[in-house]
> 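Here it is, the structure in full.
If you're wondering where the values come from, they're calculated on a predicted model, not measured in any experiment.
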Amino acid sequence: MTAQAPDPTALDDAPVLVHVTRGGFVESAHRATLVATDAAGGTPLRHGRVDDPVLPRSSLKPVQALAMVCHGLDLPPHLLALVCSSHSAEEVHREAVAEILARVDLDLTALQNTPALPLGELEHARWLVAGTAPAPVAQDCSGKHAGMLVTCRVNGWPIEDYLDPGHPLQQAIAATTAEVVGPVSHTTVDGCGAPLFAVPLSGLAASFGHLASAGAESDEGRVAAAMRAAPHMVGGTGRDVTAFMEAVPGLIAKDGAESVYAAGLPDGRGVAVKVADGAPFARARQGLLAHALLELGVDTPGLRALADQPVLGHGRPVGAVEVVGLGA
């Protein structure tokens, strides 16, 4: 793990791009960095220090899945989509995790990700009512970890230490990340226990454009096609990441903790967002991604609905999540 302290000024100096209003009063303001890239290497949208590194958190999962596919992971689309996911731990997700592991004669006990309660609100409530203890399969990263374990088995790599940064699997993921996203400036540990790499926000956007525009027979194209084929597996019921992919034909998108979001379009354009304060409510990053896509000329009724986020007072709209400075 790298120990040097990253420069915090990119977040401290990020422009205010979101206002949350209530009754005409600006109740909250969120600083954010946002970039859109195109297939020619241009950046049609740039707000903040977009070439500085960020921790992409779970928005990196499609790139991690790409590394696994490049090293022999071969799954049907709905299961490969789960490897890219931060799923809600609905029954369909948990069953799919078990199905992935069963392909190499493993079961849920092989998972080494952090035990958790389901991310999905309904499933979370059900587990609390039932008194069910946190479990690795219920954590939103269990699909990625199942994919990691299968990739290890395919290559004859040990599974006992598959999360170690020096493990061949993690070395392969690091190499793919550096190649597809950009230079890794810092390495740490993600919430699920897997290594996590700091990469340029602009590189994250470009990598999603690269994935989304890849040929169908390529490894990148397989990852993108899986996400498009099964957006519910990437998120779940009521999740905005699923709604984005259902709303915009050809779009791939992935949310990440601490308010990171990335998306790619079939023409090679990509978008990446990092809200400086980590905005614990997803509305700031959702609004930024939706308005960035609108600014790029993408316009569907479903996308407009995602961009229009009312603030409620006693159950009725009294304000809005307003994206400022993007022009859409």
> Let me confirm one number: the CG-CG distance from Asn155 to Leu169, rounded to the nearest 0.5 Å.
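Between Asn155 CG and Leu169 CG, I get 8.5 Å after rounding to 0.5 Å.
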> Could you grab the distance from atom CG of Leu82 to atom CE of Met227, nearest 0.5 Å is fine?
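Separation between the atoms: 11.5 Å.
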> With a 4.5 Å heavy-atom cut-off, do Leu296 and Leu45 have their side chains touching?
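They are in side-chain contact.
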> In terms of hydrophobic clustering (I, L, V, M, F, W, Y; side-chain heavy atoms under 4.5 Å; direct or indirect links), are Val321 and Leu17 co-clustered?
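Linked within one cluster.
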> Heavy atoms, side chains only, cut-off 4.5 Å: are Gln170 and Leu163 in contact?
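The answer is yes, as the side chains (C-beta and beyond) meet within the 4.5 Å cut-off.
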> Please check if Leu11 and Leu34 belong to a single hydrophobic cluster, counting links between Ile, Leu, Val, Met, Phe, Trp and Tyr side chain heavy atoms closer than 4.5 Å.
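Hydrophobic grouping puts Leu11 apart from Leu34.
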> Dump the intermediate steps for side-chain contact (heavy atoms from CB on, under 4.5 Å) on His78 and Glu99, then the final yes or no.
CA-CA 11 Å; His78 73 289; Glu99 184 180 349; 4.0 Å; yes
> Show the nearest heavy-atom pair for residues Pro200 and Pro183, with the distance to one decimal.
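Shortest heavy-atom contact: CD-O, 3.6 Å.
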> Looking at Asp164 and Gly166, would you say the former's side chain and the latter's main chain have a donor-acceptor pair under 3.5 Å?
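It does hold such a pair.
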> Checking the side chain of Thr176 only, and the main-chain atoms of Ile173 only, is there a donor and an acceptor separated by less than 3.5 Å?
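No; judged by distance alone, with no hydrogens or angles, the pair does not exist.
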> Is the side chain of Gln112 donor-acceptor paired with the backbone N or O of Ile159 at a distance under 3.5 Å, no angle test?
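A pair under 3.5 Å: yes.
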> Is there a ring pair (Phe, Tyr, Trp, His ring centres under 6.0 Å) between His93 and His232? Walk through the geometry before answering.
CA-CA 9 Å; His93 300 129; His232 185 82; 5.3 Å; yes
> Between Pro136 and Leu111, which heavy-atom pair has the shortest distance, and what is it?
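So the two residues come closest at CB-CB, 4.0 Å.
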> Check whether Glu258 reaches the backbone of Arg57 with its side chain - one donor and one acceptor, N or O, closer than 3.5 Å.
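Side chain of Glu258 to backbone of Arg57, a donor-acceptor pair under 3.5 Å: no, none is there.
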> Taking only residues two or more places apart in sequence, or in another chain, which ones meet Ala305 in a side chain to side chain contact (heavy atoms under 4.5 Å, CB included)?
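Partners of Ala305 under the side chain to side chain contact (heavy atoms under 4.5 Å, CB included) test: none.
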> Quick check on the hydrophobic clustering: are Leu66 and Val260 connected, directly or via other members, by side-chain heavy-atom contacts under 4.5 Å?
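Shared cluster, yes.
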> Is a donor on one side and an acceptor on the other found under 3.5 Å between the side chain of His124 and the backbone of Leu119?
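No.
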> Checking side-chain contact (heavy atoms from CB on, under 4.5 Å) for the pair Ile100/Leu75: CA distance, chi angles, key distance, verdict?
CA-CA 8 Å; Ile100 292 171; Leu75 297 172; 4.3 Å; yes
> In Å and rounded to the nearest 0.5 Å, what is the OG to CG distance from Ser142 to Leu108?
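Going from the OG atom of Ser142 to the CG atom of Leu108 covers 8.0 Å.
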> Atom OG in Ser28, atom CZ in Arg22: separation rounded to 0.5 Å?
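Rounded to the nearest 0.5 Å, the OG-CZ separation comes to 9.0 Å.
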> Treating His87 as the side-chain partner and Ala138 as the backbone partner, does any N or O pair qualify as donor plus acceptor under 3.5 Å?
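Side chain of His87 to backbone of Ala138, a donor-acceptor pair under 3.5 Å: no, none is there.
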> Can a donor-acceptor pair be found, under 3.5 Å and without considering hydrogens, that links the side chain of Thr242 to the backbone of Gly236?
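Indeed, once roles are kept as given, a pair shorter than 3.5 Å links the two residues.
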> Would you please test Asp52 and Thr9 for side-chain contact (heavy atoms from CB on, under 4.5 Å) and show each step?
CA-CA 10 Å; Asp52 279 21; Thr9 57; 5.6 Å; no
> Would you check, one step at a time, whether the test side-chain contact (heavy atoms from CB on, under 4.5 Å) holds for Val20 with His30?
CA-CA 8 Å; Val20 180; His30 297 285; 4.1 Å; yes
> Do the charged groups of Asp12 and Arg49 touch, with an N to O distance under 4.0 Å?
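So Asp12 does not pair with Arg49 through a salt bridge.
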> For the residue pair Arg228 and Pro266, establish whether any side-chain heavy-atom pair is separated by less than 4.5 Å.
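Yes. Closest side-chain heavy atoms under 4.5 Å.
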> Which pair of heavy atoms, one from Pro310 and one from Pro317, lies closest together, and at what distance?
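Closest approach of Pro310 to Pro317, heavy atoms only: CB-CB, 4.0 Å.
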> Could you tell me whether the side chain of Leu60 reaches within less than 4.5 Å of the side chain of Val181, counting heavy atoms only?
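Val181 vs Leu60: side chains touch.
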> Check whether any side-chain heavy atom of Leu211 lies under 4.5 Å from a side-chain heavy atom of Val180, and answer yes or no.
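They are not in contact (no side-chain heavy atoms under 4.5 Å apart), so the answer is no.
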> Apply ring pair (Phe, Tyr, Trp, His ring centres under 6.0 Å) to His145 and list each qualifying residue two or more places apart in sequence or on a separate chain.
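Tyr162.
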> Out of curiosity, His291 NE2 to Leu294 CG, how far, rounded to the nearest 0.5 Å?
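If I round to the nearest 0.5 Å, the distance is 6.5 Å.
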> Answer whether the closest heavy-atom distance between the side chains of Leu122 and Arg126 falls below 4.5 Å.
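They are in side-chain contact.
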> Side chains of Thr188 and Phe197: does their closest heavy-atom pair fall under 4.5 Å?
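Not touching, per the 4.5 Å side-chain cut-off.
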> Return the OH to CG distance between Tyr261 and Asp255, rounded to the nearest 0.5 Å.
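It comes to 5.0 Å.
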> Got a salt bridge between Arg94 and Glu91, using NZ or NE/NH1/NH2 to carboxylate O under 4.0 Å?
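No, no charged N to carboxylate O under 4.0 Å.
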> Is a side-chain N or O of Glu322 found less than 3.5 angstrom from the main chain of Val18, in a donor-acceptor match?
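No, because the side chain of Glu322 does not come within donor-acceptor range (under 3.5 Å) of the backbone of Val18.
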> Will you find, in the side chains of Lys144 and Ser86, an N or O donor that is under 3.5 Å from an N or O acceptor?
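The criterion, which ignores hydrogens and geometry beyond distance, is not satisfied for Ser86 and Lys144.
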> Could you pull out all residues at least two apart from Phe208 that satisfy ring pair (Phe, Tyr, Trp, His ring centres under 6.0 Å)?
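Listed in chain order: nothing, the list is empty.
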> Identify whether Leu196 and Val184 are in the same connected component of the hydrophobic contact network (ILVMFWY, side-chain heavy atoms under 4.5 Å).
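Different clusters: Leu196 never reaches Val184 through Ile, Leu, Val, Met, Phe, Trp or Tyr contacts under 4.5 Å.
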> Are any of the side-chain heavy atoms of Leu326 and Leu288 separated by less than 4.5 Å?
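When only atoms from C-beta onward are counted, Leu288 and Leu326 do touch, with a gap below 4.5 Å.
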> Of Asp51, Thr37, Thr33, which meets side chain to side chain donor-acceptor pair (under 3.5 Å) against Arg46?
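Exactly one pass, corresponding to Asp51.
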> Testing the basics here: between Asp140 and Lys61, what is the closest heavy-atom pair and its distance to 0.1 Å?
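Shortest heavy-atom contact: O-NZ, 3.7 Å.
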> So which heavy atom on Pro118 is nearest to which on Glu123, and how close?
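Reported closest heavy-atom pair: CB-CB, 3.6 Å.
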> Compare every heavy atom of Gly209 with every heavy atom of Ser213, then report the nearest pair and how far apart it is.
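The answer is OG-O, 2.8 Å.
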> Tell me whether Leu251 is reachable from Met233 by hopping between hydrophobic residues (I, L, V, M, F, W, Y) whose side-chain heavy atoms are closer than 4.5 Å.
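As far as the 4.5 Å side-chain criterion goes, Leu251 and Met233 are connected within one cluster.
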> Distance-only, no hydrogens or angles: does the Arg153 side chain make a donor-acceptor pair with backbone N or O of Val104 under 3.5 Å?
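Side chain of Arg153 to backbone of Val104, a donor-acceptor pair under 3.5 Å: yes, one is there.
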> Using modelled atom types only, decide if a donor and an acceptor are shared between the side chain of Gln286 and the backbone of Leu306 within a distance under 3.5 Å.
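Checked: pair present.
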> Is Arg103 salt-bridged to Asp74, going by a charged N under 4.0 Å from an acidic O?
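No.
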